[in-house]
Number of protein chains: 2
Amino acid sequence: MHAPNFNTLCERLQQKAYKITPQRQVIIKALLDNCDQHLSADEVHAIVKEQHPEIGLATVYRTLEICASLKILHQIEFGDGCTRYEFAKGDAHRHHHLICITCGKVTEFDDDLLETLEAWVSKKAGFKIADHQLKLYGYCEDCQHPG
Amino acid sequence: MHAPNFNTLCERLQQKAYKITPQRQVIIKALLDNCDQHLSADEVHAIVKEQHPEIGLATVYRTLEICASLKILHQIEFGDGCTRYEFAKGDAHRHHHLICITCGKVTEFDDDLLETLEAWVSKKAGFKIADHQLKLYGYCEDCQHPG
DNA sequence: TTGCTTGCAAATTATTTGCAATGCG
DNA sequence: CGCATTGCAAATAATTTGCAAGCAA
């Protein structure tokens, strides 16, 4: 849901001496157009190929890799065998993933309630927390009330 | 750390009409001997092959698959490209994973503090939670105080 | 111009599957 | 004895990589 600005993203690439090639622009736009999804490399490639059949899957992988290394994208795995991507949010904007066991739908949920827990873990385990990832598996509203 | 009883596990397999073959016994014992680790299929295979070189990787995969389907094992992914396994704990015994960004070590942390958060999400998002998975990325004690 | 990028095909890695032989119950 | 199970090799699937040609800066 959180959609960064296209030009800002390009600048962040340039700052690290990455060239703004047409392929990278197309891929980033595809991600922006679908920022409510959690696309896989293959899915990004499929979208991009519609208008630009010449773009190769390897280029998609390489672009996603760069964006992940620049913390523009986050990589997540929902257990379906491939890595998926979402735009990284700032530290202040934490969110979790609600994964429906029945239909597989993934919803995001914003909240900051983990703060207390993190403070506790930090103190108890001597572990300095930098990031977290919470997945909640269960049943979405549609699947709870079928028909 | 949570180590179930070998015989109990065999009984659970038998109850579902799975045969207690020597291969399965060896694989389960390897998992029990390393219940403080989060082994991958390949790692289980390597351990098992030391004493039983005839056991194939496919058999390891198939056994892990069965155990996962019986909820004897949980599958987790730490982002290193392969599925890892740990013994499932009962609902009452929740735990999280602390993953060190520096050395990659995975520690477990028990706690029930997610209860409040789950109640909140449940109410706010209309999502019926069945299970959860929390990964905390950061720096373990050793990596915080090197040398 | 010049080194970063790209597309393609081949290589890798994790996991699955087909099948004949084997063995648990 | 019958059917689940096994080992092996081949098949998939996701991702990576080598390399010559192309292009952004």
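Lettering follows sequence order; numbering is per chain, from 1. Just so it is clear, the values below take in all heavy atoms, side chains as well, and ignore hydrogens, waters and symmetry mates.
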So how far off straight is the helix from dT1(C)-dA25(D) to dG25(C)-dC1(D), going by the axes through five pairs at either end, to 10°? 40°
Taking only residues two or more places apart in sequence or in another chain, which ones pass salt bridge (Lys or Arg N to Asp or Glu O under 4.0 Å) with Glu43(B)? Arg84(B)
Would you check if Ile28(B) and Ile72(B) make a side-chain contact, meaning some heavy-atom pair closer than 4.5 Å? no
Within the distance-only criterion (no hydrogens, no angle test), does the side chain of Ser122(A) pair as donor or acceptor with the backbone N or O of Phe127(A) below 3.5 angstrom? yes
Scan residues 43-54 of chain A against DNA chain C and write down, sorted by residue number, each residue with any heavy atom closer than 4.0 Å; if none is found, say none. Glu54(A)
Kindly compute the distance separating CD (Glu118(A)) from NE2 (His132(A)), expressed to the nearest 0.5 Å. 5.5 Å
Flag if over 12 foreign heavy atoms under 6.0 Å of NZ, Lys135(B): yes
Taking side chain as C-beta onward, heavy atoms only, is Asp110(B) less than 4.5 Å from Lys89(B)? no
Kindly state which residues belonging to residues 64-75 of chain A come within less than 4.0 angstrom of DNA chain C, counting heavy atoms of the residue only, listed by number. none
Go through Leu136(A) and Val121(B) one step at a time and tell me if the side-chain contact (heavy atoms from CB on, under 4.5 Å) criterion holds. CA-CA 9 Å; Leu136(A) 299 170; Val121(B) 173; 3.9 Å; yes
Quick one: on DNA chain D, does Ala17(B) or Ala58(B) contact a more 5' nucleotide (nearest heavy atom)? Ala17(B)
For the residue pair Ile76(A) and Val106(A), establish whether any side-chain heavy-atom pair is separated by less than 4.5 Å. no
Please write out each protein N/O paired with an N/O of nucleotides 11-15 of chain D under 3.5 Å, distance rounded to 0.1 Å.
unit_1: dT15(D); atom_1: OP1; unit_2: Thr83(A); atom_2: N; d: 2.9
unit_1: dT15(D); atom_1: OP1; unit_2: Thr83(A); atom_2: OG1; d: 3.1
unit_1: dT15(D); atom_1: OP2; unit_2: Tyr61(A); atom_2: OH; d: 2.5
unit_1: dT15(D); atom_1: O5'; unit_2: Tyr61(A); atom_2: OH; d: 3.2

Could you go through Thr83(B) and Leu64(B), starting from their C-alpha distance and side-chain angles, then the distance that decides it, and tell me whether this counts as side-chain contact (heavy atoms from CB on, under 4.5 Å)? CA-CA 10 Å; Thr83(B) 301; Leu64(B) 294 174; over 6 Å; no
Counterpart residues, side-chain contact (heavy atoms from CB on, under 4.5 Å), relative to Lys16(B) (two or more places apart): Tyr18(B), Leu70(B)
Phe87(B) and Pro4(B) have their tightest heavy-atom pair at CD2-CG, 3.5 Å
Near DNA chain C, which residues from residues 19-27 of chain B have a heavy atom under 4.0 Å away? Lys19(B), Ile20(B), Pro22(B)
DNA chain C: 5'-proximal contact among Arg62(A) and Gln14(B) (nearest heavy atom): Arg62(A)
Going by side-chain contact (heavy atoms from CB on, under 4.5 Å), name the residues that satisfy it together with Ile47(B), two or more places apart in sequence or in a different chain. Ala30(B), Asn34(B), Leu39(B)
Can you pull out every ring-ring contact (aromatic ring centres under 6.0 Å, His included) where at least one residue sits in residues 19-44 of chain B? Sequence neighbours excluded, please. His38(B)-Phe78(B), His38(B)-His97(B)
Verdict with reasoning, Leu31(A) to Leu9(A), per side-chain contact (heavy atoms from CB on, under 4.5 Å): CA-CA 12 Å; Leu31(A) 288 164; Leu9(A) 293 181; over 6 Å; no
So, using salt bridge (Lys or Arg N to Asp or Glu O under 4.0 Å) as the criterion, who are the partners of Asp42(A) when residues are at least two apart? none
Report all side-chain donor-acceptor pairs from residues 50-63 of chain B shorter than 3.5 Å, counting only partners two or more places apart or in another chain.
unit_1: Thr63(B); atom_1: OG1; unit_2: Thr59(B); atom_2: O; d: 2.9

Does the pair Asp131(B) and His74(B) meet the rule for a side-chain contact (heavy atoms from CB on, under 4.5 Å), with working shown? CA-CA 11 Å; Asp131(B) 192 16; His74(B) 256 174; 4.0 Å; yes
Can you give the first and last nucleotides of DNA chain C, 5' to 3', that have an atom under 4.0 Å from a heavy atom of chain A? dG3(C) to dC8(C)
